[in-house]
Amino acid sequence: MSDYKLWIDGKATEGASNLDVVNPATEKVFASIARSDTALADKAIASAKAAQKIWAKTAIADRQVALNKIADALNANADKIARVLTQEQGKPIAEASAEVMYTEAFIRYFATMDLPVEVLQDDDAKRVELYRKPLGVVACIIPWNFPLLIIAFKVPLALLAGNSCVIKPSPTTPLTAALFAEICADILPAGVINTVNDDNDLGGYLTQHADVAKVSFTGSTETGKKVMASAANTLKRLTLELGGNDPAIVLPDVNVAETAAKMYGAAFMNCGQVCLALKRAYVHESIYDEMCDELAKLAKAAIVGDGLEQGTQIGPLNNKMQYEKVKGFLENAKKAGKVIAGGELPDGPGYFIPPTIVRDVKDGDEIVDEEQFGPIMPVIKYTDSDDIIGSANGVDVGLGGSVWSKDIAKAKEIALQVESGTVWINTHLDFGPNIPFGGAKQSGIGVEFAQEGLNEFTQVQVINQAK
Ligand code: NAD
């Protein structure tokens with residue numbers, strides 16, 4: 001018997017085996033969850049397929065009501081969910097509570113959205129109407145950095161459009177997904193939401209499955225490419241939200257202390273495990289030393305520890321694999337540049353790496369070119385003669401980026417040249433359900449949120465009537 005179950009056809013279901021879930025702050029197993037095999041994955045997809053036919057016939061107003069009920073239930077269970085989230089993911093409890101709150105807010109916003117029929121032409125010759133119909137079963141594949149919030153990026157819009165969902169969480173953070181599915185089981189018709197829990201072995205099974213109409217995937221660029229290849233056999237619809245390596249371009253006219261504080265927050269939230277985190281800071285030579293010192297001051301003052309302890313600001317990395325990867329980045333960063341804060345690992349247990357600032361690094365160094373997805377911030381000096389746009393655009397990915405200056409016209413001129421889905425001015429990592437979010441280049445395909453995001457869960461049908 002596992003502590004947490006699969007959710008298939010509205011029922012808590014035992015697995016083919018169980019998966020242990022480790023608390024990254026203690027490295028100890030603290031819960032077990034039912035794990036799927038291909039037969040259980042088939043069952044989840046079949047249940048979603050049957051339920052979708054019924055769900056698609058409900059009025060959109062009823063779907064909106066259902067979404068609000070899910071938001072209410074999240075609100076009522078917020079403390080319990082936040083605690084489980086901290087235990088499985090590692091983030092400080094305040095960030096976990098904020099994630100639950102954002103999840104609720106995103107769902108409430110999506111519940112206000114609609115898919116009206118558009119009349120494209122209505123004259124003596126013809127009437128042409130555009131309908132947006134559901135696609136069928138949507139596989140929602142979730143990473144481990146925001147295991148609850150990223151469910152809310154996908155599932156509510158999929159449901160609003162009349163689809164059903166199979167949620168596949170990451171193996172290291174499946175518990176909040178199970179709590180979410182349990183909430184849905186009380187509110188939605190049986191089978192509209194189902195879960196598949198794996199140990200990184202069933203994602204490909206879902207993405208090639210003939211009864212899955214769409215894959216909404218968030219994860220690494222490497223896995224995204226596998227998803228795209230595997231979805232090709234049935235020409236599935238795809239939304240891919242992948243990795244990033246967001247640059248920040250800091251012009252000489254900023255208030256250094258204020259800007260440092262904002263940049264620090266955007267780099268180290270969730271221990272740097274954020275797709276849209278600030279991952280490379282390009283700072284003008286005239287303020288470079290001062291900026292490095294301010295960032296180092298903030299990093300040195302951070303309270304690192306178990307997320308369940310009040311006051312913790314930086315928790316552990318989520319899992320051993322990521323911890324080892326970031327440790328490798330740290331070792332190479334020490335050789336490439338100068339570590340001016342952090343850099344030393346505390347004695348175990350726990351996958352802890354303190355917030356680390358490394359200066360005197362340059363393009364071509366691993367810590368600048370690669371997505372670190374951890375608490376290390378490289379600060380790169382540029383001069384007026386450097387091609388700063390070329391540096392910002394010099395990687396294969398393009399998720400976000402930011403420009404920092406008092407001169408908004410100048411900042412906008414630079415922002416428009418950055419090849420990424422979002423560019424912020426004087427902020428970074430700001431997003432919302434009303435703002436389309438997606439990646440350029442190898443950061444993804446398609447967008448989430450807003451009407452553009454909702455449309456991605458639909459099939460266009462044109463009714464063209466002669467008069
Ligand atoms: P990952 O790609 O390793 O895993 C993501 C999900 O894909 C997990 O559920 C995993 O089990 C599943 N998966 C593994 N192999 C699969 C396969 N062959 N087919 C289908 N699914 C498969 O990513 P991760 O390590 O969990 O997350 C970190 C990465 O995600 C970072 O690169 C980060 O930038 C990115 N990310 C992007 C966004 C965004 O919105 N763009 C948001 C969060 C994270």
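Whatever order the structure lists them in is the order used to number ligands and atoms, beginning at 1.
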Below the 3.5 angstrom mark, is there an N/O of Thr221, backbone or side chain, next to an N/O of ligand 1?
no
Is a salt bridge present between Lys320 and Glu324, judged by a nitrogen-to-oxygen distance below 4.0 Å?
yes
Taking the basic N atoms (NZ, or NE/NH1/NH2) and the acidic carboxylate oxygens, is any pair closer than 4.0 Å for Lys49 and Asp211?
yes
How far is atom 34 (O) of ligand 1 from its nearest protein heavy atom, and which residue and atom name does that atom have?
Glu371 OE2, 2.6 Å
Any heavy atom of Ile150 closer to ligand 1 than 4.0 angstrom?
yes
Among Gln322, Met228, Lys226, which one puts a heavy atom closest to atom 18 (N) of ligand 1?
Lys226
Among all protein heavy atoms in this structure, tell me which lies nearest to atom 8 (C) of ligand 1, with the distance rounded to 0.1 Å.
Ile142 O, 3.4 Å
Min N/O separation Lys279 to ligand 1 under 3.5 Å:
no
Is it true that Lys236 and Gln208 share a donor-acceptor pair across their side chains at a distance under 3.5 Å?
no
Using a strict 4.0 Å cut-off to heavy atoms of Pro171, name the atoms of ligand 1 that fall inside it.
11 (O)
Straight-line distance of Phe449 CZ to Phe110 CZ, nearest 0.5 Å:
5.5 Å
Nearest protein heavy atom to atom 3 (O) of ligand 1, by residue and atom, and its distance?
Thr223 OG1, 3.9 Å
For atom 33 (C) of ligand 1, find the nearest protein heavy atom and state the residue, atom name and distance (0.1 Å precision).
Phe373 CE1, 3.2 Å
Heavy atoms, side chains only, cut-off 4.5 Å: are Arg280 and Asp369 in contact?
no
Interfacing atoms of ligand 1 (cut-off 4.0 Å, heavy-atom, Phe437)
40 (O)
Quick one: do Asp198 and Lys168 make a salt bridge, cutoff under 4.0 Å?
yes
Please report which non-hydrogen protein atom sits nearest to atom 10 (C) of ligand 1, along with the residue it belongs to and the distance in Å to one decimal place.
Asn200 OD1, 3.2 Å
In terms of relative ring orientation, are His428 and Trp424 parallel, tilted or perpendicular, with 30° and 60° separating the classes?
tilted
Could you tell me, atom by atom, which parts of ligand 1 come under 4.0 Å of a heavy atom of Val227?
19 (N), 20 (C)
Using a strict cut-off of 4.0 Å, indicate which atoms of ligand 1 neighbour a heavy atom of Leu399.
41 (N)
Would Gly224 count as a contact of ligand 1 if the rule is a heavy atom under 4.0 Å away?
no
So is Ser170 touching ligand 1 or not, going by heavy atoms under 4.0 Å?
yes
Give a yes or no on whether the backbone of Gln417 and the side-chain of Asn393 come within a donor-acceptor separation of less than 3.5 Å.
yes
What is the nearest protein non-hydrogen atom to atom 44 (C) of ligand 1, stated with its residue, atom name and distance?
Asn145 ND2, 3.4 Å
So if I apply the side chain to side chain donor-acceptor pair (under 3.5 Å) rule between Ser216 and each of Lys154, Arg237, Glu456, which one comes out positive?
Lys154
Using side-chain heavy atoms (C-beta onward) and a distance below 4.5 Å, is Ile33 in contact with Asn18?
no
Ligand 1 contact by Gly204, heavy-atom criterion under 4.0 angstrom:
yes
Could you check whether Arg108 pairs with Glu104 (Lys NZ or Arg NE/NH1/NH2 to Asp/Glu carboxylate O, under 4.0 Å)?
yes
Would you say Ser443 has any N or O atom under 3.5 Å from an N or O of ligand 1, going by distance alone?
no
Starting from atom 5 (C) of ligand 1, what is the nearest protein heavy atom, named by residue and atom, and what distance separates them?
Thr218 O, 3.7 Å
Per atom 37 (C) of ligand 1, closest listed option by heavy atom (Asn270, Leu276, Leu242):
Leu242
For Val447 against Thr239, the heavy-atom pair lying closest together:
O-CG2, 3.9 Å
Who passes side-chain hydrogen bond (donor to acceptor under 3.5 Å, both in side chains) against Asn455, sequence neighbours left out?
Arg132
Quick one: look at Pro169 and ligand 1, take heavy-atom pairs under 4.0 Å, and tell me if it's side chain, backbone, both or neither.
backbone
Report, in ascending order of atom number, the atoms of ligand 1 lying under 4.0 Å from any heavy atom of Gly243.
32 (O), 34 (O)
Please state which protein non-hydrogen atom is closest to atom 35 (C) of ligand 1 and give its distance, to 0.1 Å?
Gly219 O, 3.1 Å
Can you find a heavy atom in the side chain of Pro92 that is under 4.5 Å from one in the side chain of Ile314?
no
Please report the closest heavy-atom contact between Tyr264 and Pro355, naming both atoms and the distance.
OH-CG, 3.7 Å
By number and element, which atoms of ligand 1 are closer than 4.0 Å to a non-hydrogen atom of Ile141?
6 (C), 7 (O), 9 (O), 12 (C), 20 (C), 21 (N)
Under 3.5 Å between some N or O of ligand 1 and some N or O of Pro143?
no
Hey, is Phe153 one of the residues with a heavy atom under 4.0 angstrom from ligand 1?
no
Are Phe180 and Trp7, when compared by the centres of their aromatic rings, separated by less than 6.0 Å?
no
At under 4.0 Å between heavy atoms, is it the side chain or the backbone of Phe217 that contacts ligand 1, or both, or neither?
side chain
